[in-house]
Asker: 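Questions regarding the structure given below will be posed in turn.
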Amino acid sequence: MSVRVRFAPSPTGFLHIGGARTALFNWLYARHTGGKFVLRIEDTDAARNTQEAVEVILGGLRWLGLAWDEGPLTGEATGPCKGERGPYFQSQRRENYERRVEALLSRDLAYRHEGAVRFRMTREPVLIEDLIVGEVRRELTDREAQDPDFVIVRSDGQPVFHLVNVVDDLEMGITHVIRGEDHLTNTARHMALFRAFGVAPPKYAHIPLILNADGSKMSKRDQGASLLAYLEEGYTPEAVVNYLCLLGWSPKDNREILAVPELIERFDLPQVLRHNARFDLAKLQWMNGEYVRALSADRFRELCVHAFARAGVDTNRFPLEYVKAALDTCQGKLRTFGEVVGYAGFYFAETIVYDPVAARKDFQPESLARLARLRAALAGLASFGAAELEAALKRVAVELGVKAGALVHPARLACTGQTAGPSLYHLLEVLGRERVIERLDRASSWRSD
RNA sequence: GACCCUAUCGUCUAGUGGUUAGGACACCACCCUUUCACGGUGGCGGCCGGGGUUCGAAUCCCCGUAGGGUCGCCA
């Protein structure tokens, strides 16, 4: 039997990082087993579902590179889809639910009550054979013991999650339900529903949840909970995928950096952990840095330009060669592209802002006097290349009887406003004589206040 | 309140009865170096607690404790 898994998000206008990982695990499992990955939109709650909200999900999955074999092609519920088991929007599957509810009603497996339809839930404990958690014997809670039945169609006629989820999984031929552990205890209801429809339930695999750094539940509003935020802050999808994989799954051989083909080859359900994991931004940043460093020069520049554009800096105002040269001095220095704006913004700023603490330290009168000597030397340089600049600076340092650092630090601050940045000599070359002289002159008139 | 899941350095994890409990991130120190980053070397740091089982428990069992989840006419 060929594997069919699905990701079934509700379009809330938001793609949770935990949801993204659920999608990833489903996708990896499908690719690993040669099965199909289905995307189904659970838009039963019409009020808060919009086309844009669906696009957020599609965009997020596409960014991560999680291509679905079946499902919507656009955010429009009545729009084009691929796959033979559609529609893939629950809002378009109304008749399926009605037909199934009728079947249950006719066999007295469900009943009408105050306008709603309720399912006759089994009173017996339900045994769940979970592929990750193992065997779970789910007993009724005290509230359920009083009335185990549950609503499957609301009095307004809208079918409820438990019903639509099961009907769709059944009709779409889903073989493995890989979802968050928050659904584990709901699974008893779902299995009972499958049995009521006369079919064996799919296999279940409940994956642990992703928690905040402090161990609390990561909800929508928490920092870093939105997948989109990582796109916006300049992370690469490869790094996010790699990091997300390592949350709740382990290749078990101490490897950390794993490319997608390798993940597909090695990922499997038995190695999924059983305990929740906390989201560690510092590790993601490190991992992203690993990927950023491995990027080609072209892709690196492209992503830098995007980051600047998002920050409102239009690098197109500058000559292409200048932009390329400027960004090339940042290669290997960044962890995320969001950082490039602060790191290399001085290349594209009219007037730079000095780090106040550094200015008090590096713009002492004696430093400014040395800077004046450096300015004179640089102004007369025949060639403004990094090698010549370095030689000139060191020559001036010798003449002044100071270490190179006594010139390097004030010069860096004067030209970039910062204490950290690209190689000084290279950034001076890129900036060019005119800008450099201009910035050295401006620094010379700096006064503490 | 009831039910379910879980528990190894701060974090992510390896470990499945005998290991000096390993790795990665973070942190600290030193080296490299024009800054930063990278890289290198070293360091700090852990089996939640208590009972068993066993010649021997991080590992198996029980009880606590803690964290998470669920018990909706939300998904």
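A note on names: the letters A, B, ... follow the listed sequences, proteins ahead of strands, and every chain is numbered from 1. Values in this document were obtained by computation on a predicted structure and should not be read as measured data.
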Asker: Determine the Euclidean distance between corresponding P atoms of B:C47 and B:A21; express it in Å to zero decimal places.
Answerer: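 My reading of the P atoms in B:A21 and B:C47 gives 12 Å.
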Asker: Side-chain atoms of residues 412-422 of chain A: list all donor-acceptor pairs with protein atoms under 3.5 Å, sequence neighbours left out, distances to 0.1 Å.
Answerer:
unit_1, atom_1, unit_2, atom_2, d
A:Arg412, NH1, A:Pro422, O, 2.9
A:Arg412, NH2, A:Pro422, O, 3.1
A:Thr416, OG1, A:Arg412, O, 2.8
A:Thr416, OG1, A:Gln418, N, 3.0
A:Thr416, OG1, A:Gln418, O, 3.3
A:Gln418, NE2, A:Gly342, O, 2.6

Asker: Take atom P in B:A37 and the same atom in B:G18, then report the distance between them in whole Å.
Answerer: 43 Å
Asker: For nucleotides 59-68 of chain B, print each protein N/O atom paired with a nucleotide N/O atom at under 3.5 Å, atom names and distance only.
Answerer:
unit_1, atom_1, unit_2, atom_2, d
B:G68, O2', A:Asn276, ND2, 3.0

Asker: Between the side chain of A:Asp169 and the main-chain N/O of A:Val166, is any donor-acceptor distance below 3.5 Å?
Answerer: no
Asker: Dump the intermediate steps for side-chain contact (heavy atoms from CB on, under 4.5 Å) on A:Leu104 and A:Phe197, then the final yes or no.
Answerer: CA-CA 8 Å; A:Leu104 293 179; A:Phe197 290 127; 3.6 Å; yes
Asker: Using Watson-Crick or G-U wobble geometry with both distances below 3.5 Å, tell me the partner of B:C25, or none.
Answerer: B:G10
Asker: Please state the P separation for the pair B:A26 and B:G68 - nearest whole angstrom.
Answerer: 27 Å
Asker: Using the P atoms only, state how far B:C4 lies from B:G40, rounded to an integer number of Å.
Answerer: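 Approximately 49 Å lies between the P atom of B:G40 and that of B:C4.
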Asker: Under 3.5 Å for both donor-acceptor distances, Watson-Crick or wobble: does B:G1 have a partner, and if so which one?
Answerer: B:C71
Asker: With sugar-phosphate meaning primed atoms plus P, OP1 and OP2, does A:Leu273 contact a base, only sugar-phosphate, or nothing at under 4.0 Å between heavy atoms?
Answerer: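 Answer is sugar-phosphate: A:Leu273 comes under 4.0 Å of backbone atoms only.
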Asker: Let me know which of A:Phe25, A:Tyr29, A:Trp27 forms a ring pair (Phe, Tyr, Trp, His ring centres under 6.0 Å) with A:Phe267.
Answerer: A:Phe25
Asker: Rounded to the Å, how far apart are A:Gln285 CD and B:C27 P?
Answerer: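 Those two atoms, CD and P, are 10 Å apart.
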Asker: Could you let me know what B:U53 is paired to, Watson-Crick or G-U wobble, both distances under 3.5 Å, or none if it's on its own?
Answerer: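 When the pairing criteria are applied, nothing turns out to pair with B:U53, so the answer is none.
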Asker: Closest-nucleotide mapping onto RNA chain B: is A:Leu140 or A:Leu284 further toward the 5' terminus? I mean the 5' end.
Answerer: A:Leu140
Asker: Rounded to whole angstrom, note down the C1' distance from B:A14 over to B:U54.
Answerer: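 Roughly 25 Å separates the two C1' atoms.
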Asker: Of all heavy-atom pairs between A:His16 and A:Met218, which one has the smallest distance, and what is that distance?
Answerer: NE2-O, 3.0 Å
Asker: Mind calculating the distance between CE (A:Met121) and C1' (B:C3) to the nearest angstrom?
Answerer: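 Taking CE of A:Met121 and C1' of B:C3, I get 12 Å after rounding.
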Asker: Please determine if a side-chain N or O atom of A:His113 lies less than 4.0 Å away from the OP1 or OP2 oxygen of B:C73.
Answerer: no
Asker: Between the protein and nucleotides 33-37 of chain B, list every N/O to N/O distance that falls short of 3.5 Å.
Answerer:
unit_1, atom_1, unit_2, atom_2, d
B:U34, O2, A:Arg412, NH2, 3.3
B:U34, O2, A:Leu424, N, 3.4
B:U34, N3, A:Ser423, OG, 3.3
B:U34, N3, A:Leu424, N, 3.4
B:U34, O4, A:Ser423, OG, 2.7
B:U35, O2', A:Thr419, O, 2.5
B:U35, N1, A:Arg412, NH2, 3.2
B:U35, O2, A:Arg412, NH1, 3.4
B:U35, O2, A:Gly421, N, 2.7
B:U35, O2, A:Gly421, O, 2.9
B:U35, N3, A:Arg412, NH2, 3.2
B:U35, N3, A:Gly421, O, 2.6
B:U35, O4, A:Lys333, NZ, 3.1
B:U35, O4, A:Ser423, N, 3.4
B:C36, O2, A:Lys333, NZ, 3.2
B:C36, O2, A:Tyr343, OH, 3.1
B:C36, N3, A:Lys333, NZ, 2.4
B:C36, N4, A:Lys333, NZ, 3.4

Asker: Using the P atoms only, state how far B:G10 lies from B:G49, rounded to an integer number of Å.
Answerer: 12 Å
Asker: Pair A:His206, A:Asp130 - check side-chain hydrogen bond (donor to acceptor under 3.5 Å, both in side chains), show working.
Answerer: CA-CA 7 Å; A:His206 287 91; A:Asp130 193 280; 2.6 Å; yes
Asker: Hey, does A:Glu144 reach any base, or is it just sugar-phosphate, or nothing, if we go heavy atoms under 4.0 Å?
Answerer: sugar-phosphate
Asker: Quick one: does A:Ser155 reach the base of B:C73 with a side-chain donor-acceptor pair under 3.5 Å?
Answerer: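 It does, because a donor-acceptor pair links the side chain of A:Ser155 to the base of B:C73 below 3.5 Å.
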Asker: What's the CE-P distance between A:Met287 and B:U13, to the nearest Å?
Answerer: 12 Å
Asker: NA contact type, A:Glu114, heavy-atom cut-off 4.0 Å: base, sugar-phosphate, or nothing?
Answerer: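 Touches a base.
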Asker: Using a heavy-atom cut-off of under 4.0 Å over every strand shown, decide if A:Asp182 touches base, sugar-phosphate, or nothing.
Answerer: sugar-phosphate
Asker: Which nucleotide wins on minimum distance to the side chain of A:Val133, given the candidates B:C5, B:C3, B:G39?
Answerer: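 Nucleotide nearest to A:Val133's side chain: B:C5.
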Asker: Expressed in angstrom and rounded to an integer, what is the separation of A:Leu244 atom CG from B:C12 atom P?
Answerer: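 One finds 14 Å between P of B:C12 and CG of A:Leu244, rounded.
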Asker: For A:Leu295 and B:C38, what is the distance between atoms CG and P respectively, to the nearest whole Å?
Answerer: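 To the nearest whole Å, that distance equals 17 Å.
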Asker: Determine whether A:Gln90 and A:Glu42 satisfy the following criterion, side-chain hydrogen bond (donor to acceptor under 3.5 Å, both in side chains), listing intermediate values before the conclusion.
Answerer: CA-CA 5 Å; A:Gln90 289 186 334; A:Glu42 304 221 336; 3.1 Å; yes
Asker: By the 4.0 Å heavy-atom rule, please label A:Arg143 as base, sugar-phosphate, or nothing.
Answerer: base
Asker: For A:His183 and A:Glu139, take the nucleotide of RNA chain B holding the closest heavy atom to each; which residue's nucleotide lies nearer the 5' end?
Answerer: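 Result of the comparison: A:Glu139.
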Asker: So, are A:Arg123 and A:Asp149 salt-bridged, with charged N and O less than 4.0 Å apart?
Answerer: yes
Asker: Does CZ belonging to A:Arg255 count more than 12 external heavy atoms closer than 6.0 Å?
Answerer: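 Atom CZ in A:Arg255 is packed in, count exceeds 12.
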Asker: Rounding to a whole Å, what distance do you find between A:Gln90:CD and B:C74:P?
Answerer: 15 Å
Asker: Please state whether the base of B:A24 and the side chain of A:Lys283 form at least one donor-acceptor pair under 3.5 Å?
Answerer: yes
Asker: Looking only at side-chain N and O atoms, does A:Lys252 come under 4.0 Å of OP1 or OP2 in B:A14?
Answerer: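 It does, given that an N or O in the side chain of A:Lys252 lies less than 4.0 Å from OP1 or OP2 of B:A14.
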Asker: Which base, if any, makes a Watson-Crick or G-U wobble pair with B:U59, both distances under 3.5 Å?
Answerer: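 For B:U59, the partner nucleotide comes out as none, under the 3.5 Å rule.
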Asker: Closest approach to the side chain of A:Glu42, judged atom by atom: which nucleotide of B:A75, B:A24, B:U13 is it?
Answerer: B:A75
Asker: What does A:Gly180 touch in the nucleic acid at a heavy-atom separation under 4.0 angstrom: a base, only the sugar-phosphate, or nothing?
Answerer: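 Contact class for A:Gly180: none.
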Asker: Hey, is NE2 on A:His162 packed in by over 12 heavy atoms from elsewhere, all under 6.0 Å?
Answerer: yes
Asker: Distance between the C1' atoms of B:G45 and B:G23, in whole angstroms?
Answerer: 14 Å
Asker: Under 4.0 Å, counting only non-hydrogen atoms across every strand here, what does A:Arg189 touch: a base, just sugar-phosphate, or nothing?
Answerer: sugar-phosphate
Asker: With rounding to whole Å, what would you report as the distance between B:A57 and B:U20 at their P atoms?
Answerer: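 Pairwise P distance, B:A57 against B:U20, rounds to 15 Å.
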Asker: When the ring planes of A:Phe119 and A:Phe150 are compared, do they come out parallel, tilted or perpendicular, using 30° and 60° as the limits?
Answerer: tilted
Asker: Which of parallel (below 30°), tilted (30 to 60°) and perpendicular (above 60°) describes A:His183 and A:His190?
Answerer: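 Rings of A:His183 and A:His190: tilted, as their planes differ by 30° to 60°.
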